[in-house]
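The structure appears right after this line, and notes come after that.
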Protein chains: 2
Amino acid sequence: MRPTDLFAALANATRLRCLLLLLRHGELCVCELTHATGALQPHVSRHLAQLRELGLVSDRREGLWVYYRIHPALPAWALHVLEATAAGVRAQSPFADDAEALAQMPNRPSAPRCA
Amino acid sequence: MRPTDLFAALANATRLRCLLLLLRHGELCVCELTHATGALQPHVSRHLAQLRELGLVSDRREGLWVYYRIHPALPAWALHVLEATAAGVRAQSPFADDAEALAQMPNRPSAPRCA
DNA sequence: GCAATATATACCGTCAAACGAATGTAGTGT
DNA sequence: ACACTACATTCGTTTGACGGTATATATTGC
């Protein structure tokens, strides 16, 4: 994966927030990511498709739901980039409370699962 | 600095290559970056201006030359992102030989300086 | 078959980023 | 003053990304 392609993917707030949520929670379905980010469902779906085409995430269907996760074969340096970003976001950022929004989602299809 | 702003800056090959060269060599002037990347001088200058406005690099003039460096007050997480990228680039990437191109530049205004 | 939910895709308008090329500015030396 | 080098800026154009909206597909249950 070319560095510039990774960074182009991370340059969009919705995509980055989804990736950071996946990094923290391990596996989430589209409706959970939609709720946590507050974005519209078609947007989340399109952004996740981009991340999938880039090899950043993998998906698996389970009934009605499609669960996404950080791609298990993600290059180490790319994972380090994500982790460094997560550390910076924890300190000061508008994305810091996405996890809280997720926790308050009613009718969550999945119990919390950690990486 | 917002994560998405950093990643937007890193999503351009010329900007990323300049940053990685500065990370490795400490301080370089525009003509050195122009030579190492093979880009046109106005492009390099414009991209460096963007990086400066974002707070990613700082500059200082010395005679005819303007030397750029990674901004000394760069947030730790952003520096980690750059270092992780440098590690990934060393393994496999089209930017890996920028440093060699720089070393072969004739009439380099500065002796090699390391961070 | 139908209905309902979750997800994906298609179409369109808009706006920002990037490039090429030309020009402008700053500093040095004569 | 001039010439030369290094660097910066401007302009015009084009391309691609994004959001909004509507619609399509997939799966489950009746």
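Quick note on labels: first sequence line is chain A, next is B, and so on, each numbered from 1.
Contact check, B:H43 against C:dA18: no side-chain N or O comes under 4.0 Å of OP1 or OP2.
The distance from the CG atom of A:L19 to the CZ atom of A:R24 is 15.0 Å, given to the nearest 0.5 Å. The distance from atom CG of A:L21 to atom OG1 of A:T37, rounded to the nearest 0.5 Å, is 7.5 Å. In this structure, the separation between SG on A:C18 and CG on A:L48 is 5.0 Å, given to the nearest 0.5 Å.
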Would you give me the side-chain donor-acceptor pairs under 3.5 Å for residues 79-89 of chain B, sequence neighbours excluded?
from: B:H80; atom 1: ND1; to: B:A76; atom 2: O; distance (Å): 3.4
from: B:T85; atom 1: OG1; to: B:V81; atom 2: O; distance (Å): 2.8

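In this structure A:R15 satisfies the side chain to side chain donor-acceptor pair (under 3.5 Å) test together with A:H47, A:Q50, sequence neighbours excluded. Evaluation of the side chain to side chain contact (heavy atoms under 4.5 Å, CB included) rule for A:T34 yields A:V30, A:Q41, A:V44 as partners, not counting sequence neighbours. Taking A:R2 as the reference, A:D5 meet the side chain to side chain donor-acceptor pair (under 3.5 Å) condition, with sequence neighbours excluded. The side chain to side chain contact (heavy atoms under 4.5 Å, CB included) test applied to A:R52 returns A:A49, A:V57, A:D59, A:Y68, not counting sequence neighbours.
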Under 4.0 Å protein heavy-atom contacts per nucleotide of nucleotides 23-30 of chain C, with B for base, S for backbone only and - for none: ----BS--
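Remark: A:S45, A:R46 in residues 45-56 of chain A come within less than 4.0 Å of DNA chain C through at least one heavy atom.
Within the structure, salt bridge (Lys or Arg N to Asp or Glu O under 4.0 Å) pairs that include any residue of residues 39-49 of chain A do not occur (at least two apart or interchain).
Not a single donor-acceptor pair under 3.5 Å links the side chain of A:R60 to the backbone N or O of A:Y67. Although no hydrogens or angles enter the test, the distance criterion places no donor-acceptor pair under 3.5 Å between the side chain of B:R69 and the main chain of B:H71.
Considering every non-hydrogen atom in both A:A9 and A:L56, the closest pair reads CB-CD1, 3.8 Å. Minimum heavy-atom separation, A:R17 to A:A36: NH2-O, 4.1 Å.
Of the two residues contacting DNA chain D, namely A:L40 and B:T34, the nearest-nucleotide position lying further toward the 5' end is that of B:T34.
In the helix from C:dG1-D:dC30 to C:dT30-D:dA1, the rotation axis of the first five pairs and that of the last five pairs differ in direction by 20°, rounded to 10 degrees.
Protein chain A contacts DNA chain D over a range whose 5' and 3' limits, counting nucleotides with an atom under 4.0 angstrom from a non-hydrogen atom, are D:dC18 to D:dT28.
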